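Each remark here refers to the structure printed beneath this line.
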Amino acid sequence: MASHTHAALARLQPGAQHDHAHCIEDALALAEEVCRTRGARFTELRRRVFELVWASHKPVGAYTILESLRTEGLGSAPPTVYRALDFLLEHGLVHRIESLNAFVGCAQPGESHRGFFLICQRCGNADELEDPALAENISHSAGQRGFSARHMTLEVSGTCAVCAGRR
Ligand SMILES: [Zn+2]
Ligand SMILES: [Zn+2]
Ligand SMILES: [Zn+2]
């Protein structure tokens, strides 16, 4: 549980100076726990793809992941890598940033939450927002139109506090 708190803390300020190795360590531990609980297999390739997504807090494209794997001699066919990404998405271990067609690690995998992101146009970091009230507001507004919301994604672009020199 302590590691979870740490991951959540790091997630709050991805652009700030921090020991990113800890982020990766925590994320891996959580991912292993999620897979164990669900009886899902965290294979070597899935693990490596997960690590590559977690290389930083900047969303990374599938092509970049493929290239890295090739460089490492883990050369996998694109469909294999896409299947690994699908697996990670399915278990909530990574999120897909639609506007960038890229993937970013989730610091709170396994918990039911929405993909709300603040994306900095300067450093490229994507900061995941945890705001249940926001989701409720959207559901409420949708409901007033007789629409039942199921999937929600919100991608807000702008400048993060670090890049704005406020941190
Ligand atoms: Zn980090
Ligand atoms: Zn998440
Ligand atoms: Zn920034």
Side-chain angles (χ1 to χ4, degrees), residues 1-40 42 46-62 64-65 68 81-139 142 149-167:
M1 208 54 202
S3 62
H4 194 158
T5 310
H6 178 87
L9 284 176
R11 185 183 54 80
L12 289 176
Q13 36 180 281
Q17 280 297 335
H18 69 281
D19 187 353
H20 188 63
H22 275 290
C23 293
I24 300 179
E25 227 171 83
D26 289 346
L28 268 173
L30 280 168
E32 278 164 6
E33 195 182 306
V34 167
C35 290
R36 213 173 21 243
T37 310
R38 299 184 173 191
F42 202 35
R46 287 166 176 174
R47 186 193 176 89
R48 190 60 198 132
V49 170
F50 179 79
E51 283 172 344
L52 289 169
V53 171
W54 263 102
S56 75
H57 293 277
K58 300 182 204 344
V60 55
T64 308
I65 294 171
S68 303
V81 174
Y82 286 116
R83 274 199 298 274
L85 283 166
D86 281 343
F87 170 88
L88 298 174
L89 279 172
E90 187 192 320
H91 292 282
L93 302 175
V94 303
H95 288 284
R96 183 194 180 88
I97 304 291
E98 312 279 348
S99 60
L100 301 173
N101 191 18
F103 303 85
V104 71
C106 178
Q108 301 193 299
E111 290 180 18
S112 145
H113 62 284
R114 314 290 187 168
F116 295 158
F117 288 92
L118 302 179
I119 303 162
C120 179
Q121 289 172 302
R122 292 201 204 166
C123 67
N125 282 335
D127 191 7
E128 189 169 357
L129 270 184
E130 283 303 322
D131 191 345
L134 188 56
E136 274 165 37
N137 281 337
I138 294 173
S139 286
R150 200 182 315 138
H151 180 71
M152 284 183 207
T153 322
L154 184 66
E155 297 172 10
V156 182
S157 57
T159 310
C160 78
V162 177
C163 291
R166 280 189 231 114
R167 208 181 261 155

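We count ligands from 1, going down the list as the structure has it; atoms in each ligand are counted the same way. Because the structure is predicted, anything quoted here is derived from the model rather than measured. Just so you know, residue 1 is the first one in the sequence shown, and it goes up from there.
- With the Zn ion (ligand 3) as the vertex, SG of Cys163 and SG of Cys123 span 110° to the nearest 10°.
- Looking only at its N/O/S atoms, His18 has NE2 as the one nearest to the Zn ion (ligand 1).
- Taking each heavy atom of His57 and His18 in turn, the nearest pair found is NE2-NE2, 3.2 Å.
- The OE1 atom of Glu128, the Zn ion (ligand 2) and the SG atom of Cys106 define an angle of 110° (nearest 10 degrees).
- One finds an angle of 110° at the Zn ion (ligand 1) between ND1 on His20 and SG on Cys23, to the nearest 10 degrees.
- Of the options Val94, Ile65, Leu85, a side-chain contact (heavy atoms from CB on, under 4.5 Å) to Phe50 is made by Val94 and by none of the others.
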Would His95 and Phe103 count as a ring-ring contact (aromatic ring centres under 6.0 Å, His included) here? Give the steps.
CA-CA 6 Å; His95 288 284; Phe103 303 85; over 10 Å; no
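- For a distance bound of 2.8 Å, the N, O or S atoms of His22 include none lying that close to the Zn ion (ligand 1).
- In terms of heavy-atom proximity, Pro109 sits nearest to Val34 at O-CG2, 4.0 Å.
- Minimum interatomic distance between Ala164 and Thr159 (heavy atoms only, all atoms of both residues): N-CG2, 3.9 Å.
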